[in-house]
Amino acid sequence: MHQGGSRYAVATWRLSNKFVWLENPGDPEQAESWKLHVIEENIAEPRTIRVGDFNGDGKPDLLRTARVANLVVWYENPGDPRIMLWKRHVIDAKSADPGHGMPADIDGDSDLDVVMALGMDSHDQQIGTREIVWYENDIPKSKAGDWKKHVIGGDFDDASEAIAVDLDDDGHLDVAATSYASPHGRAVWFQNPGNRQGTWIMHDLKTNWPRANQIIAADLDGDGQPDLVAGTTGSVAEVRWWRNNRVPNSRGSTKPQ
């Protein structure tokens with residue numbers, strides 16, 4: 001994280017129940033340690049930690065989740081976090097077991113929305129979870145507003161992580177996601193319909209893939225197209241990548257295979 005000529009690091013650990021940031025000492029190769037600043041503690045099982053400017057003030061804010069606490073929140077950068085407190089804003093405190101996600105401008109209106117995996121360890125009977133979703137940013141520049149939840153894919157067992165990336169080169173951010181279920185975990189991507197009323201189309205990458213967790217996008221083969229990489233833990237511990245071979249689709253754009 002960079003601000004005002006200084007660089008910082010943000011971190012969390014699910015067993016620590018803390019959100020923290022680490023202050024760069026200025027000479028990190030020589031310094032023995034970075035100064036730790038606690039943003040908030042006594043948070044049940046923190047998971048996601050991502051940086052993004054949610055309110056458009058030019059300062060890096062933080063996206064955080066806490067699975068057991070059922071919290072998706074963002075922390076507003078106070079300007080000088082060394083001496084001032086971060087203000088917490090709730091995005092969602094109703095959906096069970098939020099896992100991992102990221103800031104992304106899903107609706108193309110030039111502010112950062114949030115993509116998220118919900119229901120990382122929830123049960124079939126729990127309503128409003130086991131989903132891949134995006135939260136629409138409705139923050140006026142002067143004050144915090146409400147966030148509206150839009151479902152990308154429902155009935156998605158043990159949703160672990162969701163990321164946003166334009167996979168079919170149509171100018172709209174698609175979403176790739178993983179399921180931590182066992183034995184029926186999976187990695188998938190959802191094709192963005194290009195409007196709020198449309199239906200996201202799910203494409204399987206790998207099914208019956210237990211304990212799929214992290215997924216990232218990167219151009220691994222240098223062809224200018226984002227590929228996908230995901231991994232699993234447990235009995236089938238492996239990392240796979242999927243090459244993005246775009247072919248024409250029905251909309252005249254391209255679709256990865």
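The first residue of the sequence shown is numbered 1, and numbering continues consecutively from there.
Ring pair His89/Trp74 is parallel by interplanar angle, where below 30° counts as parallel and above 60° as perpendicular. Relative ring orientation between Trp147 and Phe54 is described as perpendicular, the plane-to-plane angle rising above 60° on a 0-90° scale split at 30° and 60°.
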Q. Does the side chain to side chain contact (heavy atoms under 4.5 Å, CB included) test come out yes or no for Val229 and Val239, once each step is laid out?
A. CA-CA 7 Å; Val229 184; Val239 175; 3.6 Å; yes
(Q) Please evaluate residues Glu40 and Trp86 with respect to the criterion side chain to side chain contact (heavy atoms under 4.5 Å, CB included), reporting the C-alpha separation (whole Å), side-chain torsions for both, the decisive distance (0.1 Å), and the verdict. (A) CA-CA 9 Å; Glu40 189 170 3; Trp86 297 73; over 6 Å; no
Q: Let me see the working for Thr207 and Asp204 under side-chain hydrogen bond (donor to acceptor under 3.5 Å, both in side chains), right down to the final yes or no.
A: CA-CA 7 Å; Thr207 59; Asp204 286 321; 5.7 Å; no
**Q.** Derivation and outcome, side chain to side chain contact (heavy atoms under 4.5 Å, CB included), residues Val72 and Thr65
**A.** CA-CA 5 Å; Val72 181; Thr65 62; 4.1 Å; yes
Q | Intermediate values then yes/no, salt bridge (charged side-chain N to carboxylate O under 4.0 Å, His left out), Arg67 and Glu45 | A | CA-CA 6 Å; Arg67 187 188 68 81; Glu45 196 175 308; 2.6 Å; yes
Q) Given the rule in the side chain to side chain contact (heavy atoms under 4.5 Å, CB included) test, do Phe19 and Ile49 qualify, once you have shown the distances and angles that lead to the verdict? A) CA-CA 8 Å; Phe19 293 139; Ile49 180 168; 5.7 Å; no
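A salt bridge does not link Arg243 to Asp227: none of the charged nitrogens lies less than 4.0 Å from a carboxylate oxygen. Taking a cutoff of 4.0 Å between a charged side-chain nitrogen and a carboxylate oxygen, Arg82 and Asp80 qualify as a salt bridge.
Atom CG of Leu85 is surrounded by 12 or fewer heavy atoms from other residues, nucleotides or ligands within 6.0 Å.
Looking at Asp113, its side chain does come within 3.5 Å of a backbone N or O of Asn137 through a donor-acceptor pair.
Residue Val90 is grouped with residue Leu62 when hydrophobic side chains (ILVMFWY) are merged at heavy-atom distances under 4.5 angstrom, including chains of intermediate members.
Using a 4.5 Å heavy-atom threshold, the side chains of Trp134 and Phe190 count as separate. The shortest distance between side-chain heavy atoms of Met120 and Asp158 does not fall below 4.5 Å.
Atom CD in Glu76 sits 7.5 Å away from atom NZ in Lys59 (nearest 0.5 Å). Distance check: Met202 CE to Ile132 CD1 gives 10.0 Å after rounding to the nearest 0.5 Å. Taking CD1 from Ile106 and CZ from Arg196, the interatomic distance works out to 11.0 Å, rounded to the nearest 0.5 Å. Put simply, CG on Asp92 and NZ on Lys149 are 5.5 Å apart, with the number rounded to the nearest 0.5 Å. Leu220 contributes atom CG, which lies 11.0 Å from atom CH2 of Trp242 (distance to the nearest 0.5 angstrom). Atom-to-atom distance recorded for Arg130:CZ and Asp121:CG is 11.5 Å, nearest 0.5 angstrom.
Among Val165, Asp168, Asp169, the single residue meeting the side-chain contact (heavy atoms from CB on, under 4.5 Å) criterion with Asp174 is Asp168.
Judged by the 6.0 Å and 45° rule, Arg211 forms a cation-pi pair with Tyr180.
Smallest separation of non-hydrogen atoms from Asn70 and Ser95: CB-O, 3.7 Å.
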